[in-house]
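Structure first, commentary second.
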Amino acid sequence: MSDQTKAAPSSSPTVVDDPYKRLEITLNPNGSLARNPNRFPNTSATPDPDPTVPVLSKDVTINQTTHTWARVFLPRQKRIGTNKFPLIVYYHAGGFIHCSAASTIFHVFCSNMALELQAIVVSVDYRLAPEHRLPAAYDDAIEALLWIKTTQEEWFTQYANFTTCFVMGSSSGGNIAYHAGIRLAEEADGLRPWKIRGLILHQPFFSGSVKVESELRLVNDPVLPPGVGDLMWELALPIGADRDHEYCNPTTTKGTNLMEKLAAVGWKVLVTGCDGDPLIDRQVELVKSMEEKGVKVVSHFRMGDHHGVDFMQPYKANALFLVLKDFIASATSVTL
């Protein structure tokens with residue numbers, strides 16, 4: 001993958017399909033979106049201790065004013081005392097414009113992750129763009145983390161190990177986890193006795209004003225062609241911001257300077273991806289930039305597959321969960 005970060009002019013051929021139709025959205029005159037309600041089905045939480053359900057789940061309110069909430073996943077075989085569960089705070093994918101913590105694909109993914117990793121997973125439902133452009137999702141991400149730190153909700157107080165916490169996200173959620181991590185790093189001392197052990201950026205969604213080789217090579221990608229990604233960024237970024245805004249492109253000078261905050265607190269960062277994803281070169285470059293800034297970053301890039309494969313094809317997530325187990329064990333062994 002040594003040549004995967006080569007840049008090419010942004011005038012190179014792009015997908016001719018209408019990205020609005022691809023995403024099944026319509027832009028309303030007031031700037032909001034009309035979304036196809038059947039595109040991403042929802043699943044209800046399962047809070048009752050039914051012995052046939054290996055992972056319990058329930059919804060909790062975070063902010064009634066902004067209508068943000070989270071779905072908490074708890075393995076049924078509960079742990080108490082000094083053997084409590086590690087805590088993973090998760091942000092779902094959807095290009096900042098689609099989905100919720102109730103979307104079936106993420107309910108299944110988080111439930112399986114809680115079971116396989118034997119962890120409490122908190123899937124945060126954040127406000128979507130363009131009704132709420134960035135940094136609204138980042139604000140919601142931080143608010144959720146601080147809510148978890150102070151809540152007296154039983155599943156947290158009884159079963160969560162607050163000294164073994166991870167911030168994770170998939171695709172756009174990986175972008176959110178990254179920026180939430182940078183904000184948290186600024187006030188890491190104020191989080192104690194809560195300990196963030198690391199960030200998990202699962203196929204994180206980033207871009208830039210100049211197309212990279214993987215975006216050109218996979219210009220007709222059936223899952224996330226660059227034209228669709230461009231529209232998502234157009235709808236999510238602050239009005240007037242370009243693709244080199246630090247929210248979108250973390251490898252600009254301003255973006256890489258922010259990485260120093262992660263290096264300062266010593267958290268480990270895992271970046272995962274696959275070479276069938278148009279975003280792969282962005283992710284490779286992110287890892288290189290973090291390494292140059294002294295961040296304790298590790299990567300796992302696999303051959304083939306596609307963007308979102310682990311929640312679109314749940315059986316394939318088992319390989320990811322093995323990687324996460326190793327990363328969690330490694331990050332937990334570090335003294336902060």
Side-chain angles (χ1 to χ4, degrees), residues 35-79 84-129 131-132 136-162 165-174 176-177 180 194 200 202 310-311 314 317:
R35 301 168 175 86
N36 178 357
N38 300 316
R39 180 177 172 87
F40 296 101
N42 290 334
T43 293
S44 299
T46 53
D48 296 326
D50 183 337
T52 65
V53 178
V55 176
L56 306 179
S57 59
K58 68 178 175 181
D59 297 337
V60 294
T61 299
I62 294 175
N63 187 319
Q64 292 182 340
T65 301
T66 58
H67 306 290
T68 52
W69 55 280
R71 179 161 294 179
V72 187
F73 296 84
L74 174 70
R76 191 168 64 86
Q77 297 297 327
K78 304 180 185 69
R79 297 178 182 179
K84 294 182 178 181
F85 293 109
L87 180 65
I88 299 173
V89 182
Y90 176 78
Y91 306 104
H92 65 78
F96 302 108
I97 66 171
H98 270 312
C99 300
S100 77
S103 296
T104 299
I105 54 175
F106 300 116
H107 177 92
V108 172
F109 179 75
C110 289
S111 181
N112 289 342
M113 181 161 58
L115 181 62
E116 294 300 321
L117 301 185
Q118 285 297 287
I120 293 176
V121 177
V122 184
S123 181
V124 177
D125 193 74
Y126 52 87
R127 288 172 292 172
L128 300 179
E131 293 86 353
H132 305 281
Y138 304 154
D139 296 339
D140 295 344
I142 292 295
E143 184 176 37
L145 287 160
L146 296 179
W147 180 89
I148 293 168
K149 178 178 181 290
T150 58
T151 184
Q152 294 303 303
E153 158 58 49
E154 180 185 13
W155 282 13
F156 294 103
T157 59
Q158 295 295 315
Y159 308 118
N161 181 354
F162 284 99
C165 303
F166 294 85
V167 179
M168 176 181 176
S170 300
S171 189
S172 54
I176 294 170
W194 208 35
I200 300 171
H202 174 224
D310 296 309
F311 45 81

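Being a predicted model, the structure only gives us computed values, none of them experimental.
Scored by the side chain to side chain contact (heavy atoms under 4.5 Å, CB included) test, Ile62 finds Thr68, Ala70, Glu143, Ala144, Trp147 as partners (sequence neighbours excluded). For Phe40, the ring-ring contact (aromatic ring centres under 6.0 Å, His included) partners two or more places apart in sequence, or in a different chain, are His98.
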ask   = Where do Asn42 and Ser103 land on the side chain to side chain contact (heavy atoms under 4.5 Å, CB included) test, with the steps shown first?
value = CA-CA 4 Å; Asn42 290 334; Ser103 296; 3.9 Å; yes
> Do Val108 and Thr43 pass the side chain to side chain contact (heavy atoms under 4.5 Å, CB included) test, and can you show the C-alpha distance, the side-chain angles, and the key distance before you say yes or no?
Replying inline: CA-CA 9 Å; Val108 172; Thr43 293; 5.6 Å; no
Task: Stepwise side chain to side chain contact (heavy atoms under 4.5 Å, CB included) check, Phe73 with Leu56 - done: CA-CA 6 Å; Phe73 296 84; Leu56 306 179; over 6 Å; no
Problem - Chi angles and distances behind the side chain to side chain contact (heavy atoms under 4.5 Å, CB included) call for Leu117, Phe85 - result: CA-CA 9 Å; Leu117 301 185; Phe85 293 109; over 6 Å; no
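Side chain of Arg35 to backbone of Ile97: a donor-acceptor contact under 3.5 angstrom is found.
Taking the six-membered ring where tryptophan is involved, the planes of Tyr126 and His92 are essentially parallel, since the angle between them stays under 30° and well short of 60°.
Under the 6.0 Å cut-off for aromatic ring centres, Phe109 and Tyr90 qualify, their centroids lying closer than that.
Contact of the Leu87 side chain with the Ile120 side chain is registered, since non-hydrogen atoms from C-beta on lie closer than 4.5 Å. Put simply, the side chain of Pro314 reaches to within 4.5 Å of the side chain of Asn112, judged on heavy atoms.
Between Lys58 and Glu153 a salt bridge is recorded (basic side-chain N to carboxylate O distance below 4.0 Å).
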